[in-house]
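For reference, the structure discussed in these notes is given below.
The first residue in the sequence is number 1, and the count goes up from there. All values below were derived from every heavy atom in this structure, side-chain atoms included, with hydrogens, water molecules and symmetry-related copies excluded.
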Amino acid sequence: MKSTLPLPARFTSRTSQEPQDPLLAELGTWPGQLVDSQLERRAAAHDASHYLLQPRALVRPHSADELGSLLRILERHDAGLTLRSGGTSLSGQAVTDQVLVDVRRHFRGVEVLDDGARVRVRPGSTVREVNAVLAPYGRKLGPDPASESACTLGGVIADNSSGMHCGTEQNTYRTLESMVVVTPSGTVLDTAAADADRRLREAEPELHEGLLRLRRRVAENPDSRRTIERLFAMKNTMGYGLNAFLDETEPVRILQRLMIGSEGTLGFVAEAVLRTVEIAPEVATGLLVFPTLLEATSSVPGLVEIGSATVELMDATSLRVAQASGTAPRQIMDIDVADHAALLVEYNGSSPEDLAERSGAAREHFAGLDLSADPGLTSDAAARAGLWTVRKGLYAAVAGNRPSGANALLEDVVVPVERLGETCNELNRLFDAHDYEQSVIFGHAKDGNVHFMLNEQFADTNGLARYERFTDEMVELILDAGGSLKAEHGTGRIMAPFVRRQYGDELYEVMRELKALVDPRGAFNPGVILNDDPRCYLQDLKIAPTVEEEVDRCVECGYCEPVCPSQDLTLTPRQRIVGRREIRDAEQRGDREQAEALLREYAYLGEQTCAVDGMCSTACPVDIDTGDLVRRLRAESASRIEDLGWDTAARRWDVGVRAASGALSAADAVPAALPRAATAAARAVLGSDRVPLYSQHLPAGGGPRPEPQSPPEAQAVLFAACVSSMFGGSEAGEPSAAQALLRLCERAGVPIAVPEGLASTCCGTPWKSKGMTSGFERMTRTTLPMLWEATDHGRLPVVCDASSCTEGLEAMQAAAGPDSPWAGLRFVDSVEFVAREVLPGLQVHERLGSMALHPTCSSTQLGLNESLRKIAEAMAEEVVVPVEWRCCAYAGDRGMLHPALTASATRREAAEVGEHGFDAYASLNRTCELGMTEATGRPYRHVLQHLEAATR
């Protein structure tokens, strides 16, 4: 059937940022934010997909009303837009050469309703953030995508996300109750309103009538009904959610359902209310290893019948990848993988007794299966985590080891469960036929939904041709099996040419009419979901130039962004990396002018405002610490004079510490305006990245580090951090964290030594973070030999009273190398030491009512947060870690060099803390305590200082 409703023509691509562009000129007067940084705009162009387009402009509205006014501006200039939130989409639905609209930064918020039974969310909040708010109520969202830490509710709704557990019963489509939607015409509609349908009819009568017309067309066509019912009985995110026309009769309800999974092509969801699901309090996990893939998939219906909540498939290549990691459980390590496959199964219970009954039934069922290893069904949290590590680590293992310049493509398909085994076998045959090595198949077997990953070099014409041939054969395989080409990841650009083939001409024409009805200009996300160019999925492919080791491993997934303290100020880790790629790309194209312009912006946006806190590495699936990249860049850009100056400081660090302490005490004794003006003047001459800006919130200088002591039978050696000597306490006369530790050890009868020569040593973090290599090497040669002798050549552990310095000492030792004379040193943070060795011998005399805790980036990476909580719970009735906790970005002196960084990083946590009154505020690192005190106006102290006071 020929199309009678042609798609709107693709907008002309414009990348000019020159003032004469009339659109940009008008956007400059728009109340929202027009980003004028070329680096930010180009960095924001990248998402997790293998597509790349450069946006004409990057804008950030603050509200739905501002978005409405933006739509009117874009209409006047015949420009299109694409909405972007988390940027974790894999199918190319969040890139554009039109106006890119960031709806993450200013559209965050979570409100619990009905004691957790429902939740109101804004599109910029991540799934993990929402679930953290719901957790105290024993509830969570139904959709549970693997990207929960980074994907936002805007994307979850736009892609109709599901995940590993929720199936089709608890996905977005089934659990979303109402939404506030902004239509392409600018109408703002709350579908929860009793008169919502009337308002839609009055505001947009043609849309209202058109939805009724399309419903009749679909519902009255038996072939259409059968196709829709068949496809949507499975997970299916291909094309528009035409099941809305069968599930609803009222236009406003039809529109609401259609918005789910529409990938930003039909409007903007500014807010939504979702029904939540109960968190199972008891869980058991097991791993079933089968001799063949077909045997594994053939067992799925039986596993579903006995109530398996989760059935995750891993093929033979997946198991070999897991073996290569060396950390796989025995069920995998003990077999010689040939054609094997495994199913990760999970069972939920409402009580231990309920779980025991379900687990017993499962074990009885397992006994009848031909398994290659014992399933090891367990409810132990650590053992369960080890089993899940195999499944969740596949992406990192394959993508992280891809060739430089290659793109990692993660695709998903769904077929009827009874066709799953043969489909997976055929996919493996296609991998072999097209020479895709190390490609893995894994996924949600219970739903017939599998993901497969392959690596491709799109810069190579042969690789592009191979990818096209593979795609054609894969499409034929899945559709011939009665499946859908998209189950979870959305149609995007990658499968848009195949929507007609999956649905047929009639339903494809319904989709085209729907798009023309809701978005007559075709302004919302042009080219996505519907695209008549049969080769559009081969256009605008991302070519990743080889840059440097940290950059080349990045898959641009965006998992790092929610934990980055600079995410709302300048760049995220992903954007720092793609910024480097953009600079290299400009150099390779010979555009030296653009490369130099990007480099100039990178100095502040990429380097100076990076806290180098390493939090990105805790979220990165391929283990990249962008801080390593930034530290190296700082070292490369440091002048010889700077490096020499810091090397000189390392020679007489005791003098430097006393000078800093004295300067703070002197500043504290005069009006704050005087030292602030003096430091501001110095910054104007020497640069804001070299001279800290004085703040009235800074305390006076601290006292000297503890005097040496060598008690008999000492159990540890104290390394008192120099930051407590530089910065005094919140209250005059209070003991420092190191002094508090010594008093606590004395009360508990745990002798601890203080070494000679401590005053001249440091963990090296100031030099390392600034890229001052000479000083860092000198401090390494000063500190580690001193500690080696003080600990009797590593016999005693070194206890440090500041978490960042504990991490710094470990980093210093690692930098010295495994063959260094000091490789046998052992470091432990004071919080862990007290929780384990000292706390049992203490008696708390004065308990607090409540305490707010601020973990740090270093305590998170060192695994100290449970010890921190344990100490706090020993002296407070209620202990709270704010949901909005983030690294404070004070980062030694970074918060004083660039105060806007810490202000931005702490804004949301400070607001949450400010909503509640706590009796005490604690952390475990002096500079982080300073940052949080300034951010909240509440006195943050080291948790050991609180414990010392409570045990007097």
Considering only NZ, NE, NH1 and NH2 on the basic side and carboxylate oxygens on the acidic side, decide whether [X] and [Y] come within less than 4.0 Å.
| X | Y | value |
| --- | --- | --- |
| Arg634 | Asp689 | no |
| Arg743 | Glu948 | yes |
| Glu846 | Arg952 | no |
| Glu884 | Arg886 | yes |

Please give me the minimum heavy-atom distance between [X] and [Y], naming the atom from each residue.
| X | Y | result |
| --- | --- | --- |
| Ser850 | Ala876 | C-CB, 4.4 Å |
| Leu355 | Glu282 | CD2-CB, 3.7 Å |
| Gln813 | Ala823 | NE2-O, 3.1 Å |
| Gly703 | Ser725 | O-OG, 3.0 Å |

May I have the step-by-step check of salt bridge (charged side-chain N to carboxylate O under 4.0 Å, His left out) for Arg941 and Glu734, ending in yes or no?
-> CA-CA 10 Å; Arg941 303 162 68 204; Glu734 71 176 350; 2.9 Å; yes
Contact check, side chains of [X] and [Y], non-hydrogen atoms, under 4.5 Å:
| X | Y | value |
| --- | --- | --- |
| Tyr559 | Pro621 | yes |
| Phe918 | Arg938 | no |
| Leu809 | Cys800 | yes |
| Thr902 | Met896 | no |
| Asp893 | Met726 | no |

Using distance alone, with no hydrogens and no angle criterion, decide if [X] and [Y] have a side-chain donor and acceptor under 3.5 Å apart.
| X | Y | answer |
| --- | --- | --- |
| Ser867 | Glu832 | no |
| Asp801 | Ser830 | no |
| Ser859 | Asn865 | yes |
| Asn925 | Thr927 | yes |

On the ring face of Phe719, is Arg705 found with NZ or CZ under 6.0 Å from the centre and within 45° of the axis?
->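 Pair Arg705/Phe719 counts as cation-pi.
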For atom CD of Glu549, is the number of surrounding heavy atoms from other residues, nucleotides or ligands below 6.0 Å larger than 12?
->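 For Glu549, atom CD is crowded (more than 12 foreign heavy atoms under 6.0 Å).
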Taking atom CZ of Arg690 as the centre, report whether more than 12 heavy atoms of other residues, nucleotides or ligands fall under 6.0 Å from it.
-> no
Side-chain donor or acceptor of Asp380 paired with backbone N/O of Ala383 under 3.5 Å | yes
Return yes if some donor-acceptor pair links the side-chain N/O of Glu929 with the main-chain N/O of Ala922 below 3.5 Å, else return no.
-> no
Between Tyr940 and Tyr921, how do the two ring planes meet: parallel, tilted or perpendicular, split at 30° and 60°?
-> tilted
Glu550/Arg632 under salt bridge (charged side-chain N to carboxylate O under 4.0 Å, His left out): CA gap, chis, key distance, verdict | CA-CA 10 Å; Glu550 303 96 338; Arg632 182 171 56 75; 3.3 Å; yes
Tested for side chain to side chain contact (heavy atoms under 4.5 Å, CB included) against Thr951, the lone hit among Val838, Leu842, Leu839 is Leu842
Among Glu873, Glu877, Glu878, find the residue that satisfies the salt bridge (Lys or Arg N to Asp or Glu O under 4.0 Å) test when tested with Arg847.
->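 With Arg847 as partner, salt bridge (Lys or Arg N to Asp or Glu O under 4.0 Å) holds for just one option, Glu877.
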Could you walk me through whether Arg330 and Asp374 pass salt bridge (charged side-chain N to carboxylate O under 4.0 Å, His left out), step by step?
-> CA-CA 9 Å; Arg330 56 177 176 75; Asp374 183 270; 3.8 Å; yes
Would you check, one step at a time, whether the test salt bridge (charged side-chain N to carboxylate O under 4.0 Å, His left out) holds for Glu912 with Arg907?
-> CA-CA 9 Å; Glu912 184 178 346; Arg907 184 174 295 116; over 6 Å; no
